[in-house]
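A quick write-up on the structure given underneath.
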Amino acid sequence: MSSPILKLIAQRVALGLLLLLAVSVLIFAGTQILPGDVAQSILGQSATPQALANLREELGLNAPAYVRYFRWLGGVLTGDLGTALSSRQDIATAIGGRLWNTLFLAFWAAIVSIPLAIILGLLAVRYRNGWIDKTISGLALASTSLPEFFVGYLLVYFFAVKWQIFPGISTVYDGMPFLERMKAIALPATALTLVVLAHMMRMTRAAILNVMQSAYIETAELKGLSPFEIIRKHAFPNAIAPVINVVMLNLAFLIVGVVVIEVIFVYPGMGQYLVDHVAKRDVPVVQAVGLIFAAVYIGLNIIADIAAIVANPRLRHPK
Amino acid sequence: MLDLKHIPLGAAIGLILTALFLITAIFAPLIAPYGLGEIVGDVWAPMSSQFLLGTDNLGRDLLSRMIYGARTTIFIAVMATALSFSLGAILGFTAAVVGGWLDTGMSRFVDLLMAIPTLIFALVVLSVLPSTLLTLILVMGILDATRVYRLSRAVAVDINVMDFVEAAKLRGEGNGWIIFREILPNALSPLISELGLRFIYAVLFLSALSFLGLGVQPPDADWGGMVKENKDGIVFGIPAALIPAAAIAALAISVNLVADWVLNRTTDLKGGRGNG
């Protein structure tokens, strides 16, 4: 590791933190765009003036917006996410276990989908324009058009109701044995995998195809290497950076997919927590969870950038 | 020009299905056998000659609701796409033509908006906004305009340096002329194929929001909301929720097939290598 790499990485991380700060402003502003009053919209038209005044006091709405923003940001930085309006619970405590559940689910979906996507992408490139490629591409095109809940409920309908192999509702609790937990998340993890797989595979295929059109690949072909040798020795090392990028971008898709999938399978994670509290118009919870989702998303993008720098010697020594 | 004899099979199927969906949406009240909220039978009755797709969770005819749902889903998606396109394209072209701090400012703001996953930001905003059709269309349209902005700015930057644009500028034409008379006609073909993809995205996005209970509110019904209404039946082996979900998928796939064909056709026109 030479120092230019560390400097580049430090730059990316600093930029990411700056972006995150800007995003926190945007998320805060997003809950202030209502022309009227947040308290009014939370309580509805029939609220009594007393209740409105109480809620305004509690939300600190009497202070100007920028003061409230810095108060909120200060809280977030010290680990205090505030209390939920609907349940009076501390948000940080409520999020703790749920965040872990969501990461657990996303982790297993990623473990299955990443290698699968790369292998299928490689196969599609190897047998380009053959029936394997056509089938894979066709399926990919079709499955990017499928809504998450179609995939989810199809799995529930067959695996949970018709054949009764896996539970259709993913109940997990603390101290649950590992195998039982895996059984509970089998269907949501499969659904998530299917949601991101097609996209990831298509992009992997495009990334490797891009490399395959380089002059050195033609040289390798002309000197008589077999197609698999060419992919293994010449194309893949050069495709690592774009493929890592693809993978990270799609992990970001996982974040969005997880919201819908968790609702389908009634899985106690962050997504379900967010959706429940959007419906209850519980602004502090929505802000906190939105910020966490955005932070994970930005974090993945930073990792993608750094991985691309580390994997590509040309980026390591910028001119 | 359009050569109808040489449409590939996939695109033809896509075109026919898309047209069918559109006709269903437009003539919904004429086609639907029962009313939207009319309770006509038992809860979750199976498919029969009387109720071709069975009934839903309140005993309403599922087929009729599907037909009306097509109307709501397609209408909102079309409006949101139209908004995102006009907003994104005009701002993107303006940024490319005017340049300078306006371009930098708008592009950085779009980068910022795109740093938050769309669904997450939509949920944050919808937590304080009233649930009306107008809000939905505005939120979906504005958030999606960021993607269109990126594309149209990238396309317009290339066109902006061409000789004929330079000539128009030297002639003394204003920015309005440059944007609508010089750049827009030349940027249409990449934008049109993007239009299809943005429409699919709008359909899927709306359905996801409605499924989460944050989109179209009852008594109105769209396909995503119908999945939500009927999802409890799945556990009892009643596939009613799968039907609207499949309809969303079918609509998205058929528009995708058409968009794919348009994309290939326009790259062919430009001397591209088609399916490279």
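Note on naming: letters A, B, ... go to the chains in the order of the sequence lines (proteins, then strands), and numbering restarts at 1 for each one.
Considering OG of Ser127(B) and CD of Gln287(A), their distance stands at 7.5 Å, rounded to 0.5 Å. Annotation: the span from Ile264(A) atom CD1 to Lys228(B) atom NZ amounts to 12.0 Å, rounded to 0.5 Å. One finds the OG atom of Ser145(A) at 9.0 Å from the CG atom of Leu197(B) (value rounded to the nearest 0.5 Å). Expressed to the nearest 0.5 Å, how far CD1 of Ile248(B) lies from CG of Leu146(A) amounts to 10.5 Å. Rounding to the nearest 0.5 angstrom, the gap separating the CZ atom in Arg281(A) from the CG atom in Leu129(B) is 7.5 Å. To the nearest 0.5 Å, atom OG of residue Ser210(B) and atom CZ of residue Phe149(A) are 8.5 Å apart.
Residue contact with chain B, scored on non-hydrogen atoms closer than 4.5 Å, involves the backbone and the side chain of Leu26(A) alike. Contact of Val286(A) with chain B is made through backbone and side chain together, with heavy-atom distances under 4.5 Å. Contact annotation for Tyr153(A): both backbone and side-chain heavy atoms come within less than 4.5 Å of a heavy atom of chain B. Using a 4.5 Å cut-off between heavy atoms, Leu251(B) does not touch chain A at all. Heavy-atom distances place both the backbone and the side chain of Ile234(B) under 4.5 Å from chain A. Within the 4.5 angstrom heavy-atom criterion, atoms from both the backbone and the side chain of Leu242(B) approach chain A. For chain B, no part of Ala160(A) is nearby; none of its heavy atoms comes within less than 4.5 Å.
Counting all heavy atoms, side chain and backbone alike, Pro147(A) lies closest to Ala245(B) at CG-O, 3.9 Å. For Lys231(B) against Val263(A), the heavy-atom pair with the smallest separation is NZ-CG1, 4.4 Å. Taking each heavy atom of Ala115(B) and Leu19(A) in turn, the nearest pair found is CB-CD2, 3.9 Å. Considering every non-hydrogen atom in both Gly30(A) and Val128(B), the closest pair reads O-CG2, 3.9 Å. Listed here is the closest heavy atom pair of Asp260(B) and Arg202(A): OD1-NH2, 4.4 Å.
Taking chain A as the reference chain and counting heavy-atom pairs below 4.5 Å, the highest number among Asp111(B), Val227(B), Ile238(B) is found for Val227(B). Annotation: maximal heavy-atom pairing with chain B below 4.5 Å, among Val278(A), Val289(A), Leu274(A), Val151(A), occurs at Val278(A). Ranked by heavy-atom pairs under 4.5 Å with chain A, the list Ala241(B), Gly224(B), Pro239(B) is led by Pro239(B). Note: Ala252(B) leads Ala252(B), Gly10(B), Ala250(B) in heavy-atom pairs under 4.5 Å with chain A.
In this structure the side chain of Phe211(B) reaches within 4.5 angstrom of the side chain of Val260(A), judged on heavy atoms.
Under a cut-off of 6.0 angstrom, the local environment of CE in Met114(B) is crowded, with over 12 non-hydrogen atoms contributed by other residues, nucleotides or ligands. Within 6.0 Å of the CZ atom in Phe21(B), the count of heavy atoms belonging to other residues, nucleotides or ligands exceeds 12.
For the side-chain contact (heavy atoms from CB on, under 4.5 Å) criterion with Ile120(B), the lone passing option out of Ile292(A), Ile27(A), Val259(A), Val296(A) is Val259(A).
Here side-chain hydrogen bond (donor to acceptor under 3.5 Å, both in side chains) pairs that include residues 234-248 of chain B, with residues two or more places apart or in two chains, number zero.
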